[in-house]
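Data block below; observations after.
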Amino acid sequence: MRLFDDELRRALRRLDAPPGFTNRVMARVEQAPAMKATSVWLRPVQALWNWAEAWTGRRAALGLAATAAILVLAVSFAVWRQHRLHEEQRQGELARAQVMQALRVTSVKLQRVRSRVRQATQGGDRAPHRDKGSRTNRSDQRGDLARARQGGFVELEI
Amino acid sequence: MKPHCKKLEGLWSIPVLIGFGLAPAWAQNPKLDLNQLEKLASKADEVVDVTLDGSTLKFAEKFMEADKDEDDAEALNIIKNLTGIYVKSFEFDKPDQYSEADVEAIRAQLRNSSWNRMVNVTSHRNKELDEVYLMTGPDSKTNLGLAVIVAEPKELTVVNIVGPIDVDHLSALSGEMGVPDFEHKHEKSGGKHD
């Protein structure tokens, strides 16, 4: 009896925790919710699988799972394709708007230049027509207009 | 000199030859570097900055063709063979927001012999400059590019179109695509100046 007591006392003697024990426990505690979350996510799948297996048998359950996977893939592809088409449409609209804006600015500026040249060459020494009329002044009209037309080039100095 | 050094001696000519070979190609490049104008965007009241490279233009072309919009037909004709459209337009609320050096940086690129200045309208009094440049191909019949500079005290616009472009076609867009019809308006008003 004495021997048993001694052995029990030895077995239950107070021992200090090994170094790093607290840190390891805390690390495990922190990991625990994540592990739990993963299992929570898998739980419905597991339940569904169990139900299908019990209801239809293992082979049929596998077939159902494969069909479901294909369906999910098909729907994902359709959604992705729709998104891509929508994105292409959006980029196409943007590119068209940019083309139109660029051509508009270019055309307006070319017209402005053409208009100034035409007015200057038609109107003797009068200053060329200005799109922004408010900036046209008489001193311009009396300005020293030098014109040179050489081989289709137009050079005007006002 | 050692024999192998003599062999290497002639190697210096390779980069030079490559340089000479590439020079005409570089000289014929109608794409201008407009990056130095980007700093003006922060000072400008209104900015139009359009950068359409070849692939974006092709994409727009395909999209417009597929869309079959009648309004796009004219634009489609113009952009059909282009490989780039670059527009930078700045409107400022007060004058002298850009320097002569900004304009000169663009003009310097156009002084290249491949560019022909078609129109130059300069008003020293109003500090205005309108210039149109065309780059013609080796056969002098096809246009390789167009550059337009319109500089006013409160506005600076630079347009660079890369590819065969019909300038008359482009400037004849009056009344279409929202382009104001200055010529027509002018004729209607009995040729009076605005």
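Below, read A as the first sequence line, B as the second, and so on, with proteins coming before strands; counting in each chain starts at 1.
- Criterion: ILVMFWY side-chain heavy atoms under 4.5 Å apart, direct or through other members. Under it, A:Val45 and A:Leu64 are not part of a common hydrophobic cluster.
- Under a hydrophobic-cluster definition in which Ile, Leu, Val, Met, Phe, Trp and Tyr are linked whenever side-chain heavy atoms come within less than 4.5 Å, directly or via other members, B:Val47 and B:Tyr98 are assigned to the same cluster.
- For CD of A:Gln91, the number of neighbouring non-hydrogen atoms (other residues, nucleotides, ligands) closer than 6.0 Å is greater than 12.
- If you measure heavy-atom distances from B:Leu146 to chain A, the contacts under 4.5 Å come from the side chain alone.
- Using a 4.5 Å cut-off between heavy atoms, B:Leu57 touches chain A through its side chain atoms alone.
- At a threshold of 4.5 Å between side-chain heavy atoms, the hydrophobic network of Ile, Leu, Val, Met, Phe, Trp and Tyr places B:Leu40 and B:Leu129 in one connected group.
- Taking CG of A:Leu103 as the start and CD1 of B:Ile161 as the end, the distance is 6.5 Å to the nearest 0.5 Å.
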(message) Run A:Val99 and B:Ile78 through side-chain contact (heavy atoms from CB on, under 4.5 Å) and show every step you take.
(response) CA-CA 10 Å; A:Val99 166; B:Ile78 293 169; over 6 Å; no
(request) Show your working on side-chain contact (heavy atoms from CB on, under 4.5 Å) between B:Phe63 and A:Glu88 and close with a plain yes or no. (result) CA-CA 9 Å; B:Phe63 180 80; A:Glu88 267 182 19; over 6 Å; no
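- Scored by the salt bridge (Lys or Arg N to Asp or Glu O under 4.0 Å) test, A:Glu87 finds A:Arg90 as partners (sequence neighbours excluded).
- Proximity to chain B at a heavy-atom threshold of 4.5 Å picks out nothing from residues 51-62 of chain A.
- To the nearest 0.5 angstrom, A:Thr106 atom OG1 is 13.0 Å from B:Tyr86 atom OH.
- With values rounded to the nearest 0.5 angstrom, B:Ile85 atom CD1 is found 11.5 Å from A:Gln101 atom CD.
- B:Leu76 and B:Leu82 fall within the same hydrophobic cluster, defined by Ile, Leu, Val, Met, Phe, Trp and Tyr side-chain heavy atoms under 4.5 Å apart, directly or through other members.
- Remark: B:Glu152 engages A:Arg112 in a salt bridge, criterion side-chain N to carboxylate O under 4.0 Å.
- Closest non-hydrogen pair, A:Ala102 versus B:Val87, comes out as CB-CG2, 3.8 Å.
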(message) With salt bridge (charged side-chain N to carboxylate O under 4.0 Å, His left out) as the criterion, how do B:Glu155 and A:Lys109 come out once you've worked through the C-alpha distance, each side chain's angles and the decisive distance to 0.1 Å?
(response) CA-CA 12 Å; B:Glu155 193 179 330; A:Lys109 296 303 170 191; 2.5 Å; yes
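- One hydrophobic cluster, built from ILVMFWY side chains closer than 4.5 Å, cannot hold both B:Leu52 and B:Phe59; they sit in different ones.
- Side-chain contact between B:Met64 and A:Met100 is present, with heavy atoms from C-beta onward closer than 4.5 Å.
- The distance from atom CG of A:Leu110 to atom CD1 of B:Ile165, rounded to the nearest 0.5 Å, is 8.5 Å.
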